[in-house]
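See below for the structure under consideration.
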Number of protein chains: 2
Amino acid sequence: MTMPRTPQRIALAQALEQTPQFRSAQQLHAHLLQEGHEVSLATVYRHLNALAEAGALETRNLSGGETRYRQCRSSGTHHHLVCRDCGETTDVADTSVEQWVQRVGDRHHFTDIRYALELSGLCAGCQHAPTG
Amino acid sequence: MTMPRTPQRIALAQALEQTPQFRSAQQLHAHLLQEGHEVSLATVYRHLNALAEAGALETRNLSGGETRYRQCRSSGTHHHLVCRDCGETTDVADTSVEQWVQRVGDRHHFTDIRYALELSGLCAGCQHAPTG
DNA sequence: TTGATTGCAAAGTGTTTGCAACTAG
DNA sequence: CTAGTTGCAAACACTTTGCAATCAA
């Protein structure tokens, strides 16, 4: 159970700390290189998988086979509203969906319910801009 | 806008008709071969993409880069409750989430809101079975 | 006839892994 | 010293695509 505090691991942890956004292994890797850290893509993948497996990261599967990761944050549930044009992300704190989900599970006799909700739209600043 | 009714296309359409389950391109391809149809994997992929793009199929991205498809059924909005153990899929018809989403969008001055909600749990039959 | 469709095999993506060198503790 | 970690390059799984042959209308 020893666990070396290698510079790579530390750098990745910091990168994950920085934003609440979901980012891909490749994005994170590029980010680390830009910051001057020496890490290989393989190492990034390895840590990401380990962290996700340990429950420290949330994951999201995109079309194209890409997986994005982000650190588990607030204990309270919240969702993200992402602007499809500029990418701006807003946290949405609200528990009504949570309650609804619980009810649905009960009604269908399902237990250990998990759910993922993704919201996207056009933010105030992007509503007149053409999407392309 | 001609559109040949090829045996491959017909067979695939029938296969999609058969179950409400999400299935991968490879699963569908294997299924078709078993039924005695001659189709290439490439063709299955091509049709699946076309149908999904046209809005005739719903898709789901799994970890591992796999995409699963199934035919769109009810016109009204609904969600899916999937059993993590046996894969059984239940449709959940309910509009309260829809309304909530709309409210959230308004509150943040976002327009053209889209959302995706995925629900998973353990169905009644799988609640005592070990997950492995 | 003619444009859409098909199959094949090659190419492409994102991710994983074997292995030898390396390093934190 | 030694188990865990790293980088590289090869391997993987799923999907996409170029192209020539084929087929439906």
Side-chain angles (χ1 to χ4, degrees), chain A residues 1-16 21-71 87 116 118, chain B residues 1-16 21-71 82 87 118:
Chain A
M1 277 287 145
T2 39
M3 193 175 186
R5 241 55 51 68
T6 68
Q8 291 87 340
R9 182 193 292 277
I10 294 169
L12 179 58
Q14 287 180 345
L16 286 166
Q21 310 272 33
F22 278 90
R23 280 172 300 170
S24 70
Q26 317 229 16
Q27 287 177 326
L28 285 161
H29 178 237
H31 175 75
L32 290 174
L33 293 189
Q34 264 189 334
E35 299 242 308
H37 299 288
E38 308 222 330
V39 203
S40 74
L41 192 49
T43 294
V44 172
Y45 274 114
R46 276 193 274 241
H47 282 310
L48 250 21
N49 279 340
L51 290 168
E53 192 126 335
L57 297 181
E58 297 172 83
T59 67
R60 233 173 92 181
N61 301 314
L62 283 71
S63 67
E66 197 183 74
T67 304
R68 300 213 176 177
Y69 307 80
R70 71 155 196 190
Q71 197 159 82
E118 283 170 35
Chain B
M1 276 291 144
T2 41
M3 193 178 189
R5 239 57 49 69
T6 67
Q8 291 87 341
R9 183 194 292 279
I10 294 170
L12 179 57
Q14 287 180 347
L16 286 165
Q21 307 275 29
F22 279 90
R23 281 172 298 171
S24 70
Q26 317 230 13
Q27 287 177 326
L28 284 161
H29 179 238
H31 175 75
L32 291 174
L33 293 189
Q34 263 189 333
E35 299 243 307
H37 300 287
E38 308 220 331
V39 203
S40 74
L41 191 50
T43 293
V44 172
Y45 274 114
R46 277 193 273 240
H47 282 312
L48 250 22
N49 278 340
L51 290 168
E53 190 126 336
L57 297 181
E58 298 171 82
T59 67
R60 237 174 87 183
N61 302 314
L62 283 73
S63 66
E66 197 183 72
T67 304
R68 300 214 177 177
Y69 307 80
R70 76 157 196 180
Q71 198 158 81
V82 185
E118 277 177 36

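What you are looking at is a predicted structure, and each value in this text was computed from that prediction instead of being measured. Quick note: numbers below take in every heavy atom, side chains included, and nothing from hydrogens, waters or symmetry partners. Proteins get letters first, then strands, A, B, ... in listed order; numbering begins at 1 in each.
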Whole angstrom is fine here: how far is it from [atom1] in [X] over to [atom2] in [N]?
X: Glu53(A); N: dT16(C); atom1: CD; atom2: C1'; value: 13 Å
X: Ile10(B); N: dT6(C); atom1: CD1; atom2: C1'; value: 14 Å
X: Arg5(A); N: dT6(D); atom1: CZ; atom2: C1'; value: 17 Å
X: Leu41(A); N: dA11(D); atom1: CG; atom2: C1'; value: 15 Å
X: Leu51(A); N: dT5(D); atom1: CG; atom2: C1'; value: 14 Å
X: His47(B); N: dT15(D); atom1: NE2; atom2: C1'; value: 16 Å

Is [X] close enough to [N] that one of its side-chain N or O atoms is under 4.0 Å from OP1 or OP2 there?
X: Thr6(A); N: dT6(D); result: yes
X: Asn49(A); N: dT16(C); result: yes
X: Tyr45(A); N: dT16(C); result: no
X: Thr67(B); N: dT15(D); result: yes

Side-chain heavy atoms of Arg60(A) within contact of Thr67(A), under 4.5 Å: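 No, every pair of side-chain atoms sits at 4.5 Å or beyond.
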Side chain proximity check, Arg70(B) to Arg23(B), heavy atoms < 4.5 angstrom: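 Counting from C-beta outward, Arg70(B) and Arg23(B) never come under 4.5 Å.
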Side-chain donor/acceptor contact of Arg46(B) with base of dG7(C) under 3.5 Å: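 Result: at least one qualifying N/O pair found.
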Could you work out which one of [options] sits closest to the side chain of [X]?
X: Ala42(B); options: dA25(D), dC8(C), dC8(D); result: dC8(C)
X: Thr43(B); options: dT6(D), dT6(C), dT16(C); result: dT6(C)
X: Gln8(A); options: dT16(D), dT15(C), dT6(D); result: dT6(D)

Donor + acceptor pair across side chains of Gln26(A), Tyr45(A) (<3.5 Å):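 A pair is found: one side chain offers a donor N or O, the other an acceptor, under 3.5 Å apart.
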